[in-house]
Protein chains: 2
Amino acid sequence: MTVLSLPPLDLDTGPTGDDDSPLRSVSTAVAVLDCFADEAELGATRVATRLGIAKSTACRMLAALATGGLLERTGSGRYRLGLRLFEYGQLAVDRLMLRDVALPAMGELRELLRETIQLGVVVGTDVLYVERAEAASMNVRFRSEHRRNPAHSSSAGRVLAAADPALVTAILERGLQRYTPFTVVDPLRYRQILASTREQGYATSREEFEPGWSSIAAPITLTRGGRPHPVAALSVVAPTSRILGPRKPAVVQGVRRAAARVSADLERARS
Amino acid sequence: MTVLSLPPLDLDTGPTGDDDSPLRSVSTAVAVLDCFADEAELGATRVATRLGIAKSTACRMLAALATGGLLERTGSGRYRLGLRLFEYGQLAVDRLMLRDVALPAMGELRELLRETIQLGVVVGTDVLYVERAEAASMNVRFRSEHRRNPAHSSSAGRVLAAADPALVTAILERGLQRYTPFTVVDPLRYRQILASTREQGYATSREEFEPGWSSIAAPITLTRGGRPHPVAALSVVAPTSRILGPRKPAVVQGVRRAAARVSADLERARS
DNA sequence: CAGTTGCGTTCCGCACATCGGAACGCGGCC
DNA sequence: GGCCGCGTTCCGATGTGCGGAACGCAACTG
């Protein structure tokens, strides 16, 4: 039942203790939280073996996180992620002043194209989608396995990497993992794609992450230091023929205009 | 250990305060996170003064939480909530197996009544709304100030407290704070309301939290130990005359049916 | 332009919080 | 009933995080 297609949240050098930070107990507490990214419910023994710590330590960590509200106890003495994390997460996104600004444009773009619109930001070397306007109806919330994907294989990741050399090196250092036969895994070709992305002002991904599905993305920018800097991406995702066929020019124009509008609104909201 | 001769600084009895658990550094780390519930960006000095800890401690806490991804550094050396919290929060809600199950019914109820529908769960003595279907359009996401409200003054909180004596005592112990002239603050009257809620199978709140706005809620139940037990509430919130006037019977019937349907779907999803 | 103030960060020694192992209580399961 | 697995608790030694002061830097300010 675990999701195999995505890389783990963070690349661990192994369970045998990488201690590059002070506050060891806080670090292990975060590591305990990370354990819950894979499994819904965990007990002390399981956590202890996964992290290579003593069972008593794991038990204390779980108890401390539970009293803090970051974890909750289930009936059987195990633990799961707590709803306080939901509140914090909503606050984190709210404070980007991005989702609220982008939602109207996303809704209109969805109506215009009748396709699914995603709002993505970079976290690490992945793209995290903080909002999605579904094509069919609003009543399908995207599931966790589609809430994040590697930056190198998505159009949103490309418009964001196109203007961020540090991100590009991080992505290349991590390696261009192949997900479909179409995934671009050659660094040189990847850089060429980024160059054309810079030039054209939008990016595409043709079935490079999930067979049959492609996407087109445009950057949402914010003027920092006099120069526009991408902070997020608006992307249209659909079966390949619906957006990379004859409709492609219309889709490109639509998503670019919507992203430009969001950028302007965002600029205005920062005051 | 803190100096005992000093009188305890009158910290607000809100999210901060109790540090009696083991793993003190983890507790303070959670307290540091709590600081960000109020303010979007904080620095080490501010955090230190708010928690009454040394500036160096606060700095280390912030750094540790940032390397864990729970916080992010802003340009000016301050910190804000990190997007990893968004991921964790989404996972926490996903694993309730509640939002996905409830969304179709919420959408239909919204279309039926043309009003805003909320899906709320209990956290502490508050009701936290994990999803909302807006009446006007989907493009208005509810803001943080309306994502949570005290259980005693909301209809959702009443249907959830009606079957949970422990929650009732917790609510009463906290005190029935007054928000509007209509807020029920008399414990006896509150218990009467809960009794009639139990009897009728739904609850109302007439402008008890925000002037002009009322709500009607019905419980979403899950059979535990042979008996249905409320785990969430579906509520309709609107200006008072639109739901507590002549339309009230229709609204009550609609929300009760929708909640019953979600309960059945939820029961089915647990397999 | 230097003085000042505030910030975040770093350093260091002492004290105490935290870790691991072993023991305990409890529930299912042969 | 005996056995196993689980989560929890207890305890002593130790290493880790605490507080205070010092540092570098940036933004104001006279």
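Keep in mind that what you see is a predicted model, and the values were worked out from it rather than measured. Note on naming: letters A, B, ... go to the chains in the order of the sequence lines (proteins, then strands), and numbering restarts at 1 for each one. Below, each value reflects all heavy atoms present in this structure, side chains not excepted, and no hydrogens, waters or symmetry copies.
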Shortest non-hydrogen pair, F86(A) vs R99(B), comes out as CE1-NH1, 4.2 Å
Please give, in whole Å, the distance from dG8(C) C1' to L62(B) CG? 10 Å
R24(A) atom CZ is separated from dG15(D) atom C1', nearest whole Å, by 9 Å
Residues in salt bridge (charged side-chain N to carboxylate O under 4.0 Å, His left out) with R46(B), at least two apart? E39(B)
Between CG of L42(B) and P of dT9(C) the distance, given in whole Å, is 13 Å
What pairs meet the salt bridge (Lys or Arg N to Asp or Glu O under 4.0 Å) rule with one or both residues in residues 55-72 of chain B, with sequence neighbours excluded? E72(B)-R80(B)
Can you name the residues that form a side-chain hydrogen bond (donor to acceptor under 3.5 Å, both in side chains) with Y88(A), not counting sequence neighbours? D34(B)
The complete set of salt bridge (Lys or Arg N to Asp or Glu O under 4.0 Å) pairs with one or both residues in residues 151-171 of chain A, sequence neighbours excluded, reads R158(A)-E208(A)
Would you mind writing out the side-chain donor-acceptor pairs for residues 120-128 of chain B within the sub-3.5 Å range, not counting sequence neighbours?
unit_1  : atom_1 : unit_2  : atom_2 : d
T125(B) : OG1    : R174(B) : NH1    : 2.6
D126(B) : OD2    : R148(B) : NE     : 3.0

Does the side chain of Y79(A) get closer than 4.0 angstrom to OP1 or OP2 of dC6(D) through an N or O atom? no
Residue met sooner reading DNA chain D from 5', once S25(A) and G77(A) are mapped to nucleotides: G77(A)
Derivation and outcome, side-chain contact (heavy atoms from CB on, under 4.5 Å), residues L83(B) and L96(A): CA-CA 10 Å; L83(B) 285 173; L96(A) 293 180; 4.0 Å; yes
Set of side-chain hydrogen bond (donor to acceptor under 3.5 Å, both in side chains) partners for E173(A), sequence neighbours left out: none
Please give, in whole Å, the distance from dT9(C) C1' to L65(B) CG? 16 Å
With sequence neighbours excluded, residues passing salt bridge (charged side-chain N to carboxylate O under 4.0 Å, His left out) with R78(A): E41(A)
Quick one: side-chain contact (heavy atoms from CB on, under 4.5 Å) partners of R73(A), sequence neighbours excluded? Y79(A)
So if I define the base as every atom that isn't primed, P, OP1 or OP2, how would nucleotides 9-14 of chain D read as a B/S/- string at a heavy-atom cutoff under 4.0 Å? B-----
Show each protein N/O and nucleotides 26-28 of chain C N/O combination with a separation under 3.5 Å, one pair to a line.
none

Residue pair A58(B)/R73(A) against DNA chain D: nearer the 5' end by closest nucleotide is R73(A)
The side chain of T57(B) is closest to which nucleotide in this list: dG8(C), dC18(D), dG20(C)? dC18(D)
How close or far is atom P of dG7(D) from atom CE of M61(A), stated in whole angstroms? 16 Å
Those residues at least two apart in sequence (or on a different chain) that pass side-chain contact (heavy atoms from CB on, under 4.5 Å) with A29(B) are V26(A), M61(B), L65(B)
Go through L119(B) and I220(B) one step at a time and tell me if the side-chain contact (heavy atoms from CB on, under 4.5 Å) criterion holds. CA-CA 9 Å; L119(B) 175 65; I220(B) 294 171; 3.6 Å; yes
CG of L51(A) versus P of dG20(C): gap in Å, rounded? 11 Å
Round to a whole Å and report the spacing from CG of L23(A) to P of dT16(D). 12 Å
As a check of understanding: the bend across the helix from dC1(C)-dG30(D) to dG28(C)-dC3(D), end axes from five pairs, rounded to 10 degrees, works out to 40°
Length of the CD1-C1' vector between I53(A) and dG20(C), whole Å: 11 Å
